[in-house]
Amino acid sequence: MSGNFNGKVAIVTGGGSGIGLATAKAFAEQGAKVVIAEISAKNGEEAAKTINAAGGSAIFVHTDVSKADSVANLVAQAVAAYGRLDIAVNNAGIDPEVAPDANWDEAVFDRIQGVNLKGVFLCMKYEIAQFLKQGNGGRIVNVASIAGLSAVYNKPAYTASKHGVVGMTKAAALQYARRGIRINAMCPGGVDTPISDQNHKGDQAFIDRMADAHPIGYVSQPSEIAAGILFQCSDGASFMIGHPMVLDGGLIAG
Ligand code: NAD
């Protein structure tokens, strides 16, 4: 396969499902070699198999983004397989159900921050170290959410984690802007993925309300978010630094 990302090496965390899978496939279709980092071995292996069967190039590296040694291994495996690293999409995230009112569970709070916030921190740490070693820049997109810019009702821990991702993205972006490393965030509105299924549990009235809340009248498909992420990693976005790009069908425009 060939395209705008010919020969580039891209890590996609959470690449076995939803937005990550769509992004991994889109990079492969544009000629990139893709490293699927997943905690679900089943989904990760399947994603790599699908991309390779379609004529692309992908490997799966079993990864827990909340653990430093696991993320260090991910970057080492990517370099061992493909010789370098050019792009990283730090997308793995969780949005577990939370108890109503103030009956919040401390362990759930820690788990959300561990994956959504510390996970992105650890990924950037090892990815940037590799970029600096190579000495010719790099591109990072951290997948936050509109919850990184405005609050989601009854989801204080998730909202905090995503605000943290946006803040951390800006801080890191400033630090590395003059070394050719462009770091940005992606802030999707509702996306039709297994995380959303977990929230609506097939309740059609809930699904319809979600779609209706978006001025465009539907929640996005993962491929629509992947298209934005690829743009952020492309040469066309050369002047984009520390930007939380919103793709939400107009949800927070009003
Ligand atoms: P998804 O559940 O389809 O995909 C998330 C993937 O991350 C899964 O494959 C999961 O196995 C993986 N993962 C979870 N914990 C991990 C860990 N510790 N280490 C490695 N991999 C891990 O969900 P999605 O909707 O594609 O979510 C992707 C990202 O987009 C998340 O960060 C999510 O918060 C964000 N997001 C989603 C929506 C939405 O409506 N779906 C909206 C805004 C932002």
Side-chain angles (χ1 to χ4, degrees), residues 11-26 35-48 50 60-75 77 88-97 108 110-123 126 141-152 155 157-166 168-169 185-200 206-207 210-211 213-214 218-226 228-229 244-249 251-252:
I11 285 176
V12 182
T13 73
S17 175
I19 296 168
L21 178 59
T23 303
K25 284 181 176 170
V35 180
I36 310 275
E38 250 299 337
I39 200 160
S40 161
K42 182 176 167 289
N43 289 354
E45 273 160 12
E46 187 63 34
T50 304
F60 160 60
V61 180
H62 192 236
T63 309
D64 180 348
V65 296
S66 69
K67 303 273 188 308
D69 55 352
S70 186
V71 178
N73 177 64
L74 162 66
V75 174
Q77 294 297 322
V89 179
N90 300 321
N91 158 81
I94 55 171
D95 182 14
E97 198 167 354
V108 174
D110 288 345
R111 198 155 70 83
I112 292 174
Q113 308 315 323
V115 177
N116 294 6
L117 185 56
K118 187 177 173 191
V120 170
F121 168 80
L122 290 172
C123 285
Y126 291 100
V141 173
N142 296 321
V143 178
S145 165
I146 49 155
L149 302 169
S150 62
V152 177
K155 287 191 181 276
Y158 184 78
T159 299
S161 74
K162 294 302 188 178
H163 271 67
V165 169
V166 169
M168 207 161 53
T169 298
M186 169 55 67
C187 299
V191 192
D192 183 13
T193 73
I195 270 192
S196 308
D197 298 348
Q198 197 179 285
N199 281 323
H200 61 62
F206 188 112
I207 295 170
M210 275 286 290
H214 293 69
Y218 66 92
V219 298
S220 73
Q221 287 303 305
S223 59
E224 296 179 275
I225 307 304
I229 292 171
M245 183 174 171
V246 173
L247 286 185
D248 70 344
L251 186 59
I252 62 167

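Because only heavy atoms are used, hydrogens play no part in the values below, and waters and symmetry mates are left out as well, while side chains stay in. Every number for a ligand or one of its atoms is a count from 1 in the order of the listing.
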Student: Mark yes when over 12 heavy atoms from residues, nucleotides or ligands other than Lys155 sit less than 6.0 Å from its NZ; otherwise mark no.
Tutor: yes

Student: Which residues satisfy the side chain to side chain contact (heavy atoms under 4.5 Å, CB included) test with Val219, sequence neighbours excluded?
Tutor: Asp192, Met210, His214

Student: Give the atom numbers and elements of ligand 1 that come within less than 4.0 Å of a heavy atom of Pro194.
Tutor: 3 (O)

Student: Can you tell which part of Ala144 has a heavy atom less than 4.0 Å from ligand 1: side chain, backbone, both or neither?
Tutor: backbone

Student: For atom 21 (N) of ligand 1, grab the closest protein heavy atom and report residue, atom and distance to one decimal in Å.
Tutor: Ile39 N, 3.4 Å

Student: Of the choices Gly20, Gly93, Gly18, Ser70, which has the non-hydrogen atom that lies closest to atom 5 (C) of ligand 1?
Tutor: Gly93

Student: Applying a heavy-atom cut-off of 4.0 Å, say which part of Thr193 lies close to ligand 1: side chain, backbone, both or neither.
Tutor: side chain

Student: Under a plain distance cut-off of 3.5 Å, with no hydrogens placed, do Gln113 and Tyr158 share a side-chain donor-acceptor pair?
Tutor: no

Student: Quick check on Lys67 - does any of its heavy atoms sit under 4.0 Å from an atom of ligand 1?
Tutor: no

Student: For ligand 1, is there an atom lying under 4.0 Å from some heavy atom of Gly119?
Tutor: no

Student: Can you name the atoms of ligand 1, numbered from 1 with element, that are less than 4.0 Å from a heavy atom of Lys162?
Tutor: 31 (C), 32 (O), 33 (C), 34 (O)

Student: So is Asp95 in contact with ligand 1, going by heavy-atom distances below 4.0 Å?
Tutor: no

Student: Is a side-chain donor or acceptor of Thr63 paired with a backbone partner of Val65 at a separation under 3.5 angstrom?
Tutor: no

Student: What protein heavy atom is closest to atom 3 (O) of ligand 1, reported as residue, atom name and distance in Å?
Tutor: Ser17 OG, 2.6 Å

Student: Any idea which of Asn91, Thr13, Ile195, Val61 brings a heavy atom closest to atom 28 (C) of ligand 1?
Tutor: Asn91

Student: For atom 8 (C) of ligand 1, what's the nearest protein heavy atom and its distance?
Tutor: Glu38 OE2, 3.3 Å

Student: Is there a heavy atom of Gly189 sitting under 4.0 angstrom from any atom of ligand 1?
Tutor: yes

Student: For atom 37 (C) of ligand 1, what is the closest protein heavy atom, and at what distance to 0.1 Å?
Tutor: Ile19 CD1, 3.9 Å

Student: How far is atom 33 (C) of ligand 1 from its nearest protein heavy atom, and which residue and atom is that?
Tutor: Tyr158 OH, 3.7 Å

Student: Indicate whether any N or O donor in one side chain lies under 3.5 Å from an N or O acceptor in the other, for Asn142 and Thr169.
Tutor: yes

Student: Hey, is Val219 touching ligand 1 through its side chain, its backbone, both or neither, going by heavy atoms under 4.0 Å?
Tutor: neither

Student: Filter on salt bridge (charged side-chain N to carboxylate O under 4.0 Å, His left out), then keep only pairs touching residues 39-48, sequence neighbours left out; what's left?
Tutor: none

Student: Can you tell which part of Val115 has a heavy atom less than 4.0 Å from ligand 1: side chain, backbone, both or neither?
Tutor: side chain

Student: Can you find a non-hydrogen atom of Gly114 under 4.0 Å from ligand 1?
Tutor: no

